[in-house]
Amino acid sequence: MAIDLLQGLNPAQREAVETIQGPLLILAGPGSGKTRVIAHRVAYLVKVCGVRPHSIMAVTFTNKAAREMRERIFHLLGQTVEDISVGTFHALCARILRIDGEHIGLGKAFVIYDGEDQLSLVKRSMEEVGVDPKNFAPKAIHSAIGAAKSQLLGPQEHAHHRQTYFDEIVQRVYRHYEELLAQSKAVDFDDLLLKTVRLFQLHPSALQKYQSRYLYILVDEFQDTNLVQYVLAKLLAQKHRNICVVGDPDQSIYSWRYADLRNILNFEKDYPDAKVVYLEQNYRSTQTILEAAHHLISANVHRKEKGLWTENEVGIPLAVKEAYNEEEEAHFVVSEVDRLVKEEKHGLKDFAIMYRTNAQSRALEEVFLRYGIPYRLVGALRFYERREVKDIIAYLRLIHNPYDDVSLAKVINVPSRGIGQKTLVELTGFAKAHSVPLYTALQMITEGLKTKGTTEGEKPYTSLSPRIAVALESFLSILNELIGKSQEQNIVRLLDTLLEQIGFRTYLLGMPDGEERWENIMELRATAGECEHLPPEEGLSAFLEGVMLVSDVDNLDEKADAVTLITLHQAKGLEFPIVFIVGMEEGLLPHIRSFDDPAQMEEERRLCYVGITRAKERVYLVRAFRRSFTGTNRPNLPSRFLADIPSRLIASSFGGEQHPKVEARTPSRVPAKPVFKAGDKVRHAKFGDGIVVSCIPSGDDQEVTVSFKGEARLRRLLLSFAPLEKLA
């Protein structure tokens, strides 16, 4: 059984799979098979070690990664995969809060606000506490609230960290924002993590419940964790200490999401008895791509050195191209894609065009459209952000939780019922005056209109016209009827009932692109079918939770034959035969915001490293001499990162010409016969003095295993990548 699960794994991968007791840090270079290792480790725990699947938690950062991991585990184990907790931090925390959130006053029917909903609530909070959006940008305040939550700072804790006037403004809005969330029985994305930590801190019995259940915790992409995620992982693993984290400091590119690189760099300080396994064999890229990436990232200081190597072919040099402007840059990319498709029979899905900022896609899209070459734009208007889809989801959220103010305000006049902005303002004002949610205010107002109350507290009722009164009563009646149906009908039947009740098909078909919009609703219905087998209330909750936690990359159709246009940040975790990185200019990559911050500059270099290591066969690094959207007519300097790559790995002249091959360096630099034998004393420029353990052929190169002084582990080095000096 164990032999089957370990079949095909390299020695380091096997070591990671078979290490099951205590803390484990797996430092996994790009393309080193880390997902495979995690899946095999889970299977090994279940099949060989007899661990119940129910007792294993595997955490990822995207739904796409979670699906891939689940599929791999299923292939190895079979149906028992359903009992393993595999998912993102947010999804797993949402599940915990649905079960135990009542301990901290969070009912099971809470809704999750997406970014647009959160910003809407921030704007309302600003208005109600008297903060002028002309003086303080709502997005900036929203970001500051997110930053506070990522540092475990609720409104009270944030109050003790105020240093500037802006902090004071944030504090005022933050406090009211939380009040409105509570009133709407809603949480934002950051709350899913923060409130789970609060649950564990305030109710030890809840923490003990999950600590006792999860004997083994695995966290993928650990370099991307923030403080809250780190605390969650540490709390859950506190009892059994069987925590395995997998990551690569060289691929930490999300500090703007408050990811903390120190979490992985300091893991061995937090767990002094941790075992460290290095996954250094790359299965994805050519030797040339790998060596170029290594030279690029080696300039960073805050990292852990890895001796990456590959048995893949040497490959062709990286191509560097200068265009005059972004239009010429786009024309070059499209013409090169067309050439490679025609001459080398590549499919369009083999190509990815990567860039630092979304604004760079404009010129590329125009040229792809002009020449009729199919492309997919990752990060564009997502399916779940389309107006008609968001409207129906808002209805479903309101049915699930009628106290959701944001959703009620969004759909009270969809389709049009004659309930205009003026009426909504009056409804909101009434709700605020009585400190109740909009749903309760709606009930009070319609009831008051029925009884024609004239007491002092009922005066607001009388300002509504009979027509508006009928519209409000009709909306409330439909909503209440749907709430009742939600307890009887599964999610698909409920969706059909909703669409019929509000006449949504007729409403959409009255628009110029109505057929396309209706097709989107039918696609939503098909998606809801995944939860059709669940009991009514559970199915609605599961569907809404899945919709709220989906991300751009989760919907990437990897089978479609189209060129992928994607930002470097979104490209992490993906791979393509051919990668173009455009905008290789100072001020763009690296971005100008990093110029005065060494830590940010290192992250920009990591971002470029991630882009290059997505490629299997070819890399194109393209820049423009001038670029209009940067707002300057000055020439752009080439990115400093280009200078980090040795010239022997670059071909700066290409297009219709044949790419020169990188010369294999074995004949001239690395002798065919082993140059070292076990016991030889050697010196490395970075690692110092050591003793050779073995020296064996590796393709056209030689792999030397060395024990360096002061290091607990052996290092395997390719002689051409890491020259060693033999000592007497």
Fill in: Verdict with supporting geometry, His40 and Leu9, side-chain contact (heavy atoms from CB on, under 4.5 Å)
CA-CA 9 Å; His40 278 256; Leu9 299 179; 4.3 Å; yes
Worksheet item: Looking at Glu602, His302, Glu603, Arg303, which one forms a side-chain contact (heavy atoms from CB on, under 4.5 Å) with Leu261?
Response: His302
Please report the shortest heavy-atom distance between [X] and [Y], naming the atom on each side.
| X | Y | result |
| --- | --- | --- |
| Phe580 | Val622 | CD2-CG2, 4.4 Å |
| Ala16 | Val277 | CB-CG1, 4.1 Å |
| Tyr609 | Ala293 | CD1-O, 3.3 Å |
| Ala66 | Val86 | O-CG1, 3.8 Å |
| Asp350 | Pro577 | O-CD, 3.2 Å |
| Gly29 | Ser32 | O-OG, 2.6 Å |

Discussion item. Tell me whether Arg640 forms a cation-pi arrangement with Phe595, defined as NZ or CZ under 6.0 Å from the six-membered ring centre and within 45 degrees of its axis.
Written reply: yes
Worksheet entry | Lys321 NZ/CZ over Phe332 ring centroid, <6.0 Å and within 45° of normal | yes
Do the side chain of [X] and the main chain of [Y] share a donor and acceptor less than 3.5 angstrom apart?
| X | Y | answer |
| --- | --- | --- |
| Glu585 | Ser639 | no |
| Asn242 | Gly22 | yes |
| Ser298 | His294 | yes |
| Ser594 | Glu604 | no |
| Asp680 | Lys726 | no |
| Tyr620 | Glu336 | no |
| Glu329 | Gly583 | yes |
| Glu291 | Thr288 | no |
| Asn300 | Ile297 | no |
| Gln223 | Ile264 | no |

Worksheet item: When Asp250 is tested against each of Lys304, Lys306, Arg606 for salt bridge (Lys or Arg N to Asp or Glu O under 4.0 Å), which residue passes?
Response: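 Per the salt bridge (Lys or Arg N to Asp or Glu O under 4.0 Å) rule, the option paired with Asp250 is Lys306, out of Lys304, Lys306, Arg606.
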Less than 4.5 Å apart, any side-chain heavy atom of [X] and any of [Y]?
| X | Y | result |
| --- | --- | --- |
| Val197 | Leu152 | yes |
| Cys608 | Arg356 | no |
| Ile20 | Leu45 | yes |
| Val59 | Asp220 | no |
| Thr357 | Thr567 | no |
| Trp309 | Asn282 | no |
| Val17 | Leu6 | yes |
| Lys572 | Ile253 | yes |

Is the closest side-chain donor-acceptor distance between [X] and [Y] under 3.5 Å?
| X | Y | answer |
| --- | --- | --- |
| Ser212 | Lys239 | yes |
| Thr225 | Asn263 | yes |
| Ser85 | Tyr214 | yes |
| Gln21 | Tyr216 | yes |
| Ser255 | Gln600 | yes |
| Arg213 | His54 | yes |
| Glu15 | Gln13 | no |
| Tyr271 | Asn266 | no |

Worksheet item: Strictly under 6.0 Å, is that where the ring centroids of Phe576 and Phe351 end up?
Response: no
Practice prompt. For the pair His75 and Glu71, evaluate side-chain contact (heavy atoms from CB on, under 4.5 Å) and give the outcome as yes or no after the intermediate values.
Written response: CA-CA 6 Å; His75 177 72; Glu71 288 167 1; over 6 Å; no
Item to complete: Carefully, step by step, assess Thr310 and Arg284 under the rule side-chain contact (heavy atoms from CB on, under 4.5 Å).
Response: CA-CA 8 Å; Thr310 183; Arg284 176 189 300 153; over 6 Å; no
Fill in: Enclosure of Arg262 CZ (heavy-atom neighbours >12, cutoff 6.0 Å)
no
Worksheet item: In this structure, are over 12 heavy atoms from other groups packed under 6.0 Å from Asp596 atom CG?
Response: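 Result for CG/Asp596: open.
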Are [X] and [Y] ion-paired here, with the side-chain N under 4.0 Å from a carboxylate O?
| X | Y | answer |
| --- | --- | --- |
| Asp224 | Arg257 | no |
| Glu68 | Arg70 | no |
| Glu575 | Arg614 | no |

Worksheet item: Please walk me through it: do Val563 and Ile353 pass side-chain contact (heavy atoms from CB on, under 4.5 Å)?
Response: CA-CA 8 Å; Val563 177; Ile353 320 300; 3.7 Å; yes
